Number of protein chains: 2
Amino acid sequence: MNEEQNIFHKYLEKHDLRDTPQRELILQIFLRREGHISAEQLYDIVKKRDPSIGQATVYRVLKLLIEAGLAREIDFGDGVIRYEHKYNHPHHDHLVCRGCGKTLEVVDSVIEELQKRVAESYGFELTDHEMYLYGYCENCRQKRQ
Amino acid sequence: MNEEQNIFHKYLEKHDLRDTPQRELILQIFLRREGHISAEQLYDIVKKRDPSIGQATVYRVLKLLIEAGLAREIDFGDGVIRYEHKYNHPHHDHLVCRGCGKTLEVVDSVIEELQKRVAESYGFELTDHEMYLYGYCENCRQKRQ
DNA sequence: ATTGTAATTGATAATCATTATCATTAGCAA
DNA sequence: TTGCTAATGATAATGATTATCAATTACAAT
């Protein structure tokens, strides 16, 4: 059993929640997928392995994963919330191509530090932030010429 | 007639769109309000002056304002799109208090420059970005002690 | 002014992701 | 095994936004 599974089980135990096959299956599938996944995409995969699972349960488990610290929400502003791994996957921002939709994870420690300073200069204590950089990737730029 | 109204009328003319009292009224009210406003909030104000106006028209005019370059969307991730003035209101980011919801507009030219460089280092040509800084303002920090 | 035409409007239905409801099922501690 | 309560699946509800469509209206040409 890996560390994420351990965290999940401990979270369940601590909160008097039950260990069900649905939760196990959805957790497995989420953990095997890298990158961003929407609730619907996850549900589609889950259905293939167990068609009896309802999508409400997928939404419910995703909420649990967030509370347990295993997942994190991302909102690209297209009306769909996506989820990504949080465990051993430190904070980062996203670079999104307006042409093909490709996304890259980026971090710049100088920007991170400056954000903190900007917030403090207004009396704020920064807890977190979101930064989305939009543009055109190399491929899409050539196509647009 | 002020500059924004001028821009709006020129936009209408250029696109063979008609000048209607509904569009005029909604424009007026939008221009008089500073800050962020949702479609629903705008509709509530519009209704008081002309109860016959439907909310679909408010949505439609907001779209026009964006196309005409007079408004800009903001998405705080709470499921409601807000609108703010764009004319003579240069780009900025938002500092949002997780306690009371207060928002401040902030800009840091160094961050802006670094964002461009980060994007370029991945071969991207940056067109725009969003940055939301979340934390607790001075007031809310004291209350939480 | 009148008219013709295409844009506009308001009312309302539709959409779509997400959440709530609720009767049934099933963990799990005793 | 039993009893209690959480969990599930099906489905309805929600809420912001968008689409539809018949009736109205702006506006250019007459």
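Keep in mind that this is a model prediction, so the values were computed, not measured. Throughout, protein chains are lettered first and strands after them, A, B, ... in sequence-line order, and every chain is numbered starting at 1. Just the heavy atoms: all of them, side chains too, but no hydrogens, waters or symmetry mates, feed the values below.
Here the nucleotide nearest the side chain of B:Pro21, chosen from D:dA26, D:dT11, C:dG10, is D:dA26. Set against C:dA11, D:dT17, D:dG9, the side chain of B:Ile81 has D:dT17 as its closest nucleotide. Checking C:dT9, D:dG9, D:dA7 against the side-chain heavy atoms of A:Arg18 singles out D:dA7 as nearest. The nucleotide whose nearest atom lies closest to any side-chain atom of A:Ser52 is, among D:dA7, C:dT9, D:dG9, D:dG9. Between C:dA7, D:dA16, C:dT12, one nucleotide has an atom nearer to the side chain of B:Leu17 than all others, and that is C:dA7.
In this structure, CG of A:Leu64 is placed 16 Å from C1' of C:dT18, rounded to the nearest angstrom. Here D:dC27 presents its P atom at 11 Å from CG of B:Asp16, a figure rounded to the nearest Å. Distance B:Glu13 CD to C:dA7 C1': 16 Å, rounded to the nearest Å. Distance, B:Gln22 CD to D:dA26 C1': 11 Å, rounded to whole Å. For the pair B:Asp78 CG and C:dT18 P, the computed distance is 15 Å after rounding to whole Å. Between B:Lys47 atom NZ and C:dA11 atom P there is a gap of 11 Å when expressed in whole angstrom units. Taking atom CG of B:Asp19 as the reference point, atom C1' of D:dC27 lies 11 Å away to the nearest angstrom. The CD-C1' distance, from B:Gln55 to D:dT18, rounds to 11 Å in whole Å.
The stretch residues 23-45 of chain A touches DNA chain D through A:Arg23, each having a heavy atom under 4.0 angstrom from the strand.
At a cut-off of 3.5 Å, with distance as the only test, a side-chain donor of A:Glu84 or A:His92 sits close to an acceptor on the other residue. No hydrogens or angles considered: a donor-acceptor pair under 3.5 Å links the side chains of B:His89 and B:Glu105.
Using bins of under 30°, 30° to 60° and over 60° for the plane-to-plane angle, the ring pair A:His85/A:Phe30 lands in the tilted bin. Under the 30°/60° scheme for interplanar angles, the aromatic rings of A:His129 and A:His91 are found to stand perpendicular.
The residue among B:Tyr59 and B:Thr20 whose nearest nucleotide of DNA chain D lies closer to the 5′ end is B:Tyr59.
A:Glu24 CD: more than 12 foreign heavy atoms inside a 6.0 Å radius.
A salt bridge between B:Lys63 and B:Glu67 is absent, with no side-chain N of the basic residue lying under 4.0 Å from a carboxylate O of the acidic one. A salt bridge between A:Arg117 and B:Asp108 is absent, with no side-chain N of the basic residue lying under 4.0 Å from a carboxylate O of the acidic one.
The side chain of B:Lys63 places no N or O atom within less than 4.0 Å of a non-bridging phosphate oxygen (OP1 or OP2) of D:dT17.
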